[in-house]
Amino acid sequence: MAEEAAVRRYDPRAVEAKWQERWEATDAFAARAAAGTPAYYVLEMFPYPSGRIHMGHVRNYTIGDVIARQHRMRGERVLHPIGWDAFGLPAENAAIQHGAHPARWTRDNIAYMRRQLRRLGFSYDWQREIATCDPTYYRWEQVFFLRMLERGLAYRRRSLVNWCPRCGTVLANEQVVDGRCWRCDGVVEERDLEQWFLRITAYAEELLRDLDRLTGWPERVVMMQRNWIGRSEGAEIRFPLEGGDGAVTVFTTRPDTLFGVTFMSLAVEHPLVERLAAGRSSEAAVRAFVARTRKTPRAERALGKEGVFTGAYCTHPFTGARVPIWVANFVLMEYGTGAVMAVPAHDQRDFDFARTYGLPATVVVQPEGEALDPATMPGAWEGPGRLVGSGEFTGLSSEEAKRRITAALAARGRGGACVSYRLRDWGISRQRYWGAPIPVVYCDRDGVVPVPERELPVVLPEDVAFTGTGGSPLAAHTAFVHVRCPRCGGAARRETDTMDTFVESSWYFARYCSPRSEATPFEPAEAAYWLHGGVDRYIGGIEHAVLHLLYARFFTKVLRDLGYLPLDEPFRNLLTQGMVIKDGAKMSKSKGNVVDPDYLIERYGADTARLFCLFAAPPEKDLEWSDQGVEGMSRFLGRVWRLVHLLAPRLAPAGVPLADGAADRDLHRLVHGTIARVTDDVVERLHFNTAIAAIMELVGGLAAAAEAASGAALREAVDTLLRLLAPFVPHVASELWEVTGHTEAIEAAGWPAADAGALARETIELPVQVNGRVRGRIVVATDADEAAVLAAALADAHVRSHLGGRPLRRQLVVPGRLVSLVV
RNA sequence: GCGAAAGUGGCGGAAUUGGCAGACGCGCAGGAUUCAGGAUCCUGUGGGCUAAUCACCCGUGGGGGUUCAAGUCCCCCCUUUCGCACCA
């Protein structure tokens with residue numbers, strides 16, 4: 001085409017730089033509250049400043065940006081902030097290995113990544129940027145900690161932690177993968193340390209109950225949290241020790257099997273073990289077993305059930321029978337009471353253990369239509385049935401027996417109903433430098449003393465030495481460690497552990513409402529406006545399904561109870577985006593299959609990168625990387641660029657009426673059909689791939705109709721096309737908006753509304769089925785009645801030949817859909 | 001083992017409430033333009049049968065069922081991915 005030579009070439013670099021500068025200069029995406037105007041808060045999980053962004057970030061933030069931009073165009077006030085989850089171990093490792101101070105390393109990384117995010121054109125309110133390593137941020141975290149300490153929600157206790165000898169540090173549970181360190185792959189050991197805990201278990205019931213309210217969350221995530229909290233209803237039962245001194249208390253979900261108990265199993269860490277074995281012939285064997293088991297990593301313990309008899313007995317609460325007490329490697333001290341009543345006939349673990357050690361089994365639950373025999377059973381019967389050999393409870397169903405036995409235990413003072421959770425309190429102490437200091441000191445006289453609030457923040461000192469050996473550098477910083485006791489003024493020692501970085505990410509979403517506020521963490525008016533019932537849309541990876549998303553829910557409830565936030569749940573709607581896959585595996589440095597976003601922006605531009613991430617798959621599914629797919633998106637934008645330039649001189653001014661005639665009417669209909677589809681896809685379904693497909697069809701239709709359509713119809717079509725494109729590819733849409741004569745920013749143009757009238761058609765084509773197969777198509781008036789449609793169907797020659805003159809057994813007209821004939 | 005999600009052309013994917021399977025893109029093929037390549041534009045593209053882009057048959061992991069009509073609903077099975085994993 002001769003005209004094409006005149007069209008300016010599409011140069012993404014120049015276009016994108018131009019608009020990014022303009023957005024920055026005008027602070028275009030500042031979130032400003034406006035009473036009476038709807039607020040919309042869209043948030044993507046903030047990044048760890050690792051050095052460079054990866055394609056997963058690009059995908060995550062592009063999804064959020066489309067939503068933010070679309071809501072802005074709908075006239076809502078949008079809060080779309082960004083920040084940095086800036087504390088963490090990699091910064092400290094960089095210091096040890098390369099000598100760069102964690103603060104410096106982190107700041108440099110943030111600077112580089114911030115530039116990358118700007119180059120992608122994300123519409124953040126940069127005035128609200130936060131970094132969690134900033135004392136003005138973690139200061140509030142220290143305040144929260146003190147408040148939790150006052151309420152007993154933070155407490156100190158000795159416990160077993162994961163220790164990686166090769167890294168010389170404690171690891172969080174989530175950093176232990178199959179018993180090995182996630183970074184060096186070394187075998188993780190257990191260590192007994194004093195640790196700070198947050199009492200998340202106090203909120204177990206509410207955290208579980210409120211899952212039902214999270215209707216905007218993926219069912220999968222709700223399920224994972226439900227399993228993680230792991231609520232079990234059952235009974236606590238006390239078995240008095242023989243000799244009259246105390247009892248073994250167990251938790252069981254199967255009180256109905258109580259009469260089938262043939263022994264007890266205690267965890268090796270159980271406090272009774274030592275006392276029970278003391279002075280007996282079994283003492284040496286028990287000690288050896290306990291010592292050996294405690295040295296064995298959890299993962300290896302699971303390989304076989306082992307145990308040893310303590311020599312001691314307890315007494316059955318109903319029968320008075322002697323029950324031997326064993327120590328077993330598979331019993332967990334952290335769950336229930338650390339002691340299990342063993343019922344080999346009705347629990348597979350007990351069955352296996354009993355087989356190994358020749359212990360007896362007693363059947364007390366008989367399944368319908370079967371007679372179990374302990375001698376011949378291939379395994380335990382764990383299902384329901386009717387009770388046998390269970391005294392006064394014999395004959396009851398297992399469900400009924402659970403209730404009655406629990407009640408009888410309570411009446412005798414031998415136990416009662418009990419609820420147990422799998423959820424454990426959250427250990428937040430980290431023997432690491434690069435984290436928020438825990439604001440307490442230890443005084444020989446006064447014990448644990450909180451740092452007075454007026455002295456906060458306890459600032460993390462920067463003048464420390466990184467040797468990589470001998471524990472946290474903080475412990476060697478004498479000015480930091482040696483302090484006066486705030487209570488007695490005597491010599492005291494400061495806590496040198498820092499907080500788990502998951503603490504910072506548990507409340508950052510709320511800080512964005514008033515990130516510079518110094519008087520209070522959350523200004524009530526701002527929080528009320530933006531957080532009306534939670535973040536409207538939260539977007540991030542499924543890997544946080546339990547940890548971060550559970551901690552943030554917990555923190556929100558605590559902050560509510562402390563009077564800081566009027567909020568029960570942090571995230572109203574959650575979108576978990578899939579991974580970015582290449583050559584069949586998740587993109588990762590170790591697999592060598594990463595695509596560098598910088599390269600992509602350099603070669604194709606940010607708009608192409610964004611468009612590809614959105615088009616290749618719906619957001620919740622994994623995205624398969626395709627170099628050719630990227631080319632395709634680049635081609636599409638080039639086509640739009642040329643088409644709009646070509647049509648620009650022909651566009652009528654706004655307000656000129658459409659011409660009569662099919663050309664304008666058809667284009668008008670296509671335009672409004674596209675608006676309806678794209679709006680539904682973006683707002684309701686969040687399926688950007690089909691939204692983009694619809695826009696592509698509009699581009700195709702527009703190109704085909706261009707010659708016959710009037711300047712007015714072209715104006716409507718081109719303006720609409722650009723507005724629909726704006727959230728996805730904001731730079732090129734902005735540029736073309738200018739090219740087509742607009743002086744106002746495209747963001748101000750608003751989101752187009754579909755005109756239902758434009759979609760109306762005079763005629764409609766319907767398929768006609770004969771015996772369930774399509775045998776013809778008829779064109780009828782849209783408002784034709786059933787008889788007219790049927791007559792048209794029966795008049796179709798091809799349909800008639802398939803009917804073969806046979807009488808109709810059934811005829812069906814589904815209005816607007818099809819005609820179905822049966823012979 | 002328990003729990004969940006998924007399985008559709010050569011590939012990514014679409015089909016929103018049971019109503020024309022394969023939208024859109026990639027790839028491929030043919031053509032136009034071009035010295036050539038690239039770029040761009042046009043046409044075709046599930047399989048079979050066929051001279052045919054007529055018609056007909058088959059087709060959404062496999063097998064059965066419900067229905068005028070099933071990718072979609074029901075039952076059984078297979079495969080893959082993810083999560084939890086001795087939780088008493």
Quick one: does any side-chain atom of W381(A) pair with a main-chain N or O of P384(A) as donor and acceptor, under 3.5 Å? yes
Within the structure shown, what part of the strands sits under 4.0 Å from M341(A) by heavy-atom distance: base, sugar-phosphate, or nothing? nothing
How is R424(A) classified with respect to the nucleic acid when contacts are heavy atoms under 4.0 Å: base, sugar-phosphate, or nothing? base
Side-chain atoms of residues 765-778 of chain A: list all donor-acceptor pairs with protein atoms under 3.5 Å, sequence neighbours left out, distances to 0.1 Å.
{"from": "N771(A)", "atom 1": "OD1", "to": "V823(A)", "atom 2": "N", "distance (Å)": "3.0"}
{"from": "R775(A)", "atom 1": "NE", "to": "H802(A)", "atom 2": "ND1", "distance (Å)": "3.3"}

Which part of the nucleic acid does V343(A) contact within heavy-atom distance under 4.0 Å: base, sugar-phosphate only, or nothing? nothing
Please report the C-alpha distance between E382(A) and R254(A) in whole Å, then the side-chain angles of each, then the deciding distance to 0.1 Å, and finally whether the salt bridge (charged side-chain N to carboxylate O under 4.0 Å, His left out) criterion is met. CA-CA 10 Å; E382(A) 298 185 335; R254(A) 294 296 304 274; over 6 Å; no
Can any side-chain N or O of H346(A) pair as donor or acceptor with the backbone N or O of D256(A) at less than 3.5 Å? no
Provide a list of protein-nucleic acid N or O atom pairs under 3.5 angstrom, restricted to nucleotides 42-46 of chain B.
none

Which part of the nucleic acid, if any, lies within contact of T252(A), taking any heavy atom under 4.0 Å across all strands shown: a base, the sugar-phosphate backbone alone, or nothing? sugar-phosphate
In terms of relative ring orientation, are H544(A) and H548(A) parallel, tilted or perpendicular, with 30° and 60° separating the classes? perpendicular
May I ask you to establish whether K305(A) and F353(A) are in a cation-pi arrangement, using a distance under 6.0 Å from NZ or CZ to the six-membered ring centre and at most 45° from the ring axis? no
Report the glycosidic orientation of G9(B): syn if within 90° of 0, anti in every other case. syn
Hey, what's the ring geometry for F259(A) with F318(A), parallel, tilted or perpendicular (30° and 60° as the breaks)? parallel
Of the listed nucleotides (C56(B), A23(B), C41(B)), which one gets closest to any side-chain atom of H798(A)? C56(B)
Out of G19(B), C57(B), C24(B), which nucleotide sits closest to the side chain of L818(A)? G19(B)
Which nucleotide sits closest to the side chain of M696(A): A88(B), G83(B), C24(B)? C24(B)
Across the strands shown, which category fits S420(A) at heavy-atom distances under 4.0 angstrom: base, sugar-phosphate, nothing? nothing
Considering just the side-chain nitrogens and oxygens of R635(A), establish if one lies under 4.0 Å of OP1 or OP2 belonging to C41(B). no
Does S265(A) put a side-chain nitrogen or oxygen below 4.0 Å from OP1 or OP2 of A88(B)? no
Side chains of residues 810-817 of chain A: which donor-acceptor partners sit under 3.5 Å, not counting sequence neighbours?
none

Which part of the nucleic acid does Q628(A) contact within heavy-atom distance under 4.0 Å: base, sugar-phosphate only, or nothing? sugar-phosphate
For a quick check of understanding: with a heavy-atom distance under 4.0 Å over all strands, which category does H802(A) fall into, base, sugar-phosphate or nothing? sugar-phosphate
Testing C57(B), A88(B), A69(B) for proximity to the side chain of T253(A), the answer is A88(B)
Looking only at side-chain atoms of V814(A), point me to the closest of C20(B), C41(B), G19(B). G19(B)
Can you check each nucleotide of nucleotides 4-18 of chain B against protein heavy atoms at under 4.0 Å and return B for base, S for sugar-phosphate only, - for none, in 5' to 3' order? S-------BSSSB--
Quick one: which of C24(B), C58(B), C86(B) gets closest to the side chain of A693(A)? C24(B)
Runs of at least three consecutive pairs that involve RNA chain B, where pairs are Watson-Crick or G-U with distances under 3.5 Å: B:1-7 with B:78-84, B:10-12 with B:24-26, B:27-32 with B:40-45, B:46-48 with B:56-58, B:61-65 with B:73-77
Would you give me the side-chain donor-acceptor pairs under 3.5 Å for residues 682-695 of chain A, sequence neighbours excluded?
{"from": "R685(A)", "atom 1": "NE", "to": "D681(A)", "atom 2": "OD1", "distance (Å)": "3.1"}
{"from": "R685(A)", "atom 1": "NH2", "to": "D681(A)", "atom 2": "OD1", "distance (Å)": "3.1"}
{"from": "R685(A)", "atom 1": "NH2", "to": "T690(A)", "atom 2": "OG1", "distance (Å)": "3.4"}
{"from": "H687(A)", "atom 1": "NE2", "to": "E620(A)", "atom 2": "OE2", "distance (Å)": "3.4"}
{"from": "T690(A)", "atom 1": "OG1", "to": "D681(A)", "atom 2": "OD2", "distance (Å)": "2.9"}
{"from": "T690(A)", "atom 1": "OG1", "to": "H687(A)", "atom 2": "O", "distance (Å)": "3.0"}

Please tell me which of the listed nucleotides, A88(B), G83(B), C20(B), lies nearest to the side chain of R777(A)? C20(B)
Just compare C68(B), C84(B), A88(B) and give me whichever is closest to any side-chain atom of R422(A). C84(B)
By nearest heavy atom, map F251(A) and L812(A) onto RNA chain B; which one lands nearer the 5' end? L812(A)
